[in-house]
Amino acid sequence: MAKTVIAGNWKMHGLKADLDVIGAVAAGVSDCPESIEVLLCLPATLVAAGAELASGSKLEIGGQSCHQAGKGAHTGDISAEMLADAGATHVIVGHSERRADHGESDIQAAAQAGAAIAAGLTPIICVGETLEERDSGQALDVVTKQVAGSVPDAAATTPVIVAYEPVWAIGTGRTPTPEQIAEVHAAIRVALAERFPATGSLIPLLYGGSMKPGNAAEILAVDDVNGGLIGGASLKAEDFLAIYAAAANQTS
Ligand code: 13P
């Protein structure tokens, strides 16, 4: 069985004044069972302070992107080793906002995931179709191709997480139906199990896109959904903890 993972993605939100949210989340997950992992992926400027606040708690801290190279002349970029050094345990790669804003490709996402693994981080590899791709019936093809291209071969032996985030559901308040989510997650699971016979069934598959306290229980109950990657609703401790509670309810 894959672990359940409830991960927040703060995106380009969060100042020092918002660090109290991290303390509140850390306190709120003190009863977190072994079967659930809870983390917040913070802007790079807050990773070190966030990791310090979360230290000794069940809350883990992640970054939101890393460069594929270990180090070098890459002004403005951050390496996986830097994130690990600051106390991160995870890093998001291949998020659709990175793909759209910075032209990142499947090949880059796979290389970044590889760099993350080399630095001892668990990559959260994001995939998802646009509305046009869904409307033209290509969702499954697009997502399985992204999975094939963005998940590195190292996933055969090292933990990774995959997040299905339909681009049209991110920040829009729209979510796919449980049937639509189940269809895509099943296709991802089959693809991973075929490619990685030993580990494919253990890779947590997260759903992301307008997940909130009001829909979390329904989404988390879908087959092959092993957790969530939560944007807007992770900025408020109360909302994020309500989603965590929905997951804890289902695994207890
Ligand atoms: P929202 O939850 O704000 O839709 O964002 C989802 C997301 O992109 C998480 O990575």
Side-chain angles (χ1 to χ4, degrees), residues 1-11 14 19 22 25-26 29 32-74 76-95 98 102 104 106-127 147 149-163 192 195-196 198-206 208 226-230 234:
M1 252 302 264
K3 248 190 168 185
T4 298
V5 180
I6 300 296
N9 174 9
W10 276 21
K11 308 192 178 184
L19 286 170
I22 296 166
V25 170
V29 300
C32 183
E34 283 292 304
S35 57
I36 304 186
E37 220 171 317
V38 188
L39 60 130
L40 286 173
C41 296
L42 302 176
T45 49
L46 295 184
V47 167
E52 196 154 317
L53 275 170
S55 136
S57 80
K58 303 260 174 91
L59 174 66
E60 295 178 288
I61 299 297
Q64 297 177 8
S65 177
C66 65
H67 197 277
Q68 62 207 58
K71 59 172 71 149
H74 302 289
D77 277 309
I78 188 158
S79 72
E81 188 184 16
M82 289 171 183
L83 290 171
D85 188 48
T89 52
H90 293 69
V91 62
I92 297 170
V93 300
H95 193 283
R98 298 290 310 175
H102 300 275
E104 292 185 356
D106 289 339
I107 291 172
Q108 272 170 299
Q112 292 168 359
I117 290 168
L121 300 177
T122 301
I124 303 171
I125 304 156
C126 300
V127 297
V147 168
S150 305
V151 177
D153 291 339
T157 49
T158 327
V160 303
I161 295 169
V162 172
L192 292 173
R195 182 167 160 205
F196 305 112
T199 56
S201 63
L202 299 174
I203 296 175
L205 302 186
L206 315 188
N226 309 115
L229 183 54
I230 299 119
S234 72

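What you are looking at is a predicted structure, and each value in this text was computed from that prediction instead of being measured. Heavy-atom basis, side chains included; hydrogens, waters and symmetry copies ignored.
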> Any idea which heavy atoms bring Gly14 and Pro43 closest together, and the distance?
Replying inline: O-CG, 4.2 Å
>> Measuring from atom CG of Leu46 to atom SG of Cys41, what distance do you get when rounded to the nearest 0.5 angstrom?
In response: 12.5 Å
> Between atom CD1 of Ile61 and atom CG of Leu53, what is the distance when rounded to the nearest 0.5 Å?
Replying inline: 8.0 Å
>> Please report the interatomic distance CD1(Ile203) to CD1(Ile125), rounded to the nearest 0.5 Å.
In response: 7.5 Å
> How far apart are the closest heavy atoms of Ser65 and Leu83, and which atoms are they?
Replying inline: O-CD1, 3.5 Å
> Closest approach of Ala110 and Gly149, non-hydrogen atoms and distance?
Replying inline: CB-O, 3.3 Å
>> Is any side-chain heavy atom of Gln64 closer than 4.5 Å to one of His95?
In response: no
> Under 4.5 Å between any side-chain heavy atoms of Ile36 and Val29, yes or no?
Replying inline: no
>> Less than 4.5 Å apart, side chain to side chain, heavy atoms only: is that true for His90 and Val5?
In response: no
>> Quick check for you: to the nearest 0.5 Å, what is the distance between Glu104 atom CD and Gln112 atom CD?
In response: 4.5 Å
> Short question: side chain of Ser150, backbone of Cys126 - any donor-acceptor pair under 3.5 Å?
Replying inline: no
> Taking all atoms of both residues into account, what is the closest heavy-atom pair of Gly62 and Ala88, and its distance?
Replying inline: CA-CB, 4.1 Å
> Does the side chain of Leu205 reach to within under 4.5 Å of the side chain of Leu192, using non-hydrogen atoms?
Replying inline: yes
>> Is there a side-chain contact between Thr122 and Thr89 in this structure, where contact means two heavy atoms from C-beta onward sitting under 4.5 Å apart?
In response: no
> Looking at side-chain heavy atoms only, is the closest gap between Ile117 and Pro123 below 4.5 Å?
Replying inline: yes
>> Within this structure, what is the CD-CG distance for the pair Glu81 and Leu121, rounded to the nearest 0.5 Å?
In response: 10.0 Å
>> So Thr199 and Thr157, do their side chains get closer than 4.5 Å, heavy atoms only?
In response: no
>> Which residue is it: Leu229, Ile124, Val151, Leu206? I am looking for the one with a side chain to side chain contact (heavy atoms under 4.5 Å, CB included) to Val162.
In response: Val151
>> Can you give me the closest heavy-atom contact between Cys32 and Val38, atom names plus distance?
In response: SG-CG2, 3.8 Å
> How long is the gap from CH2 on Trp10 to CD1 on Ile92, to the nearest 0.5 Å?
Replying inline: 13.0 Å
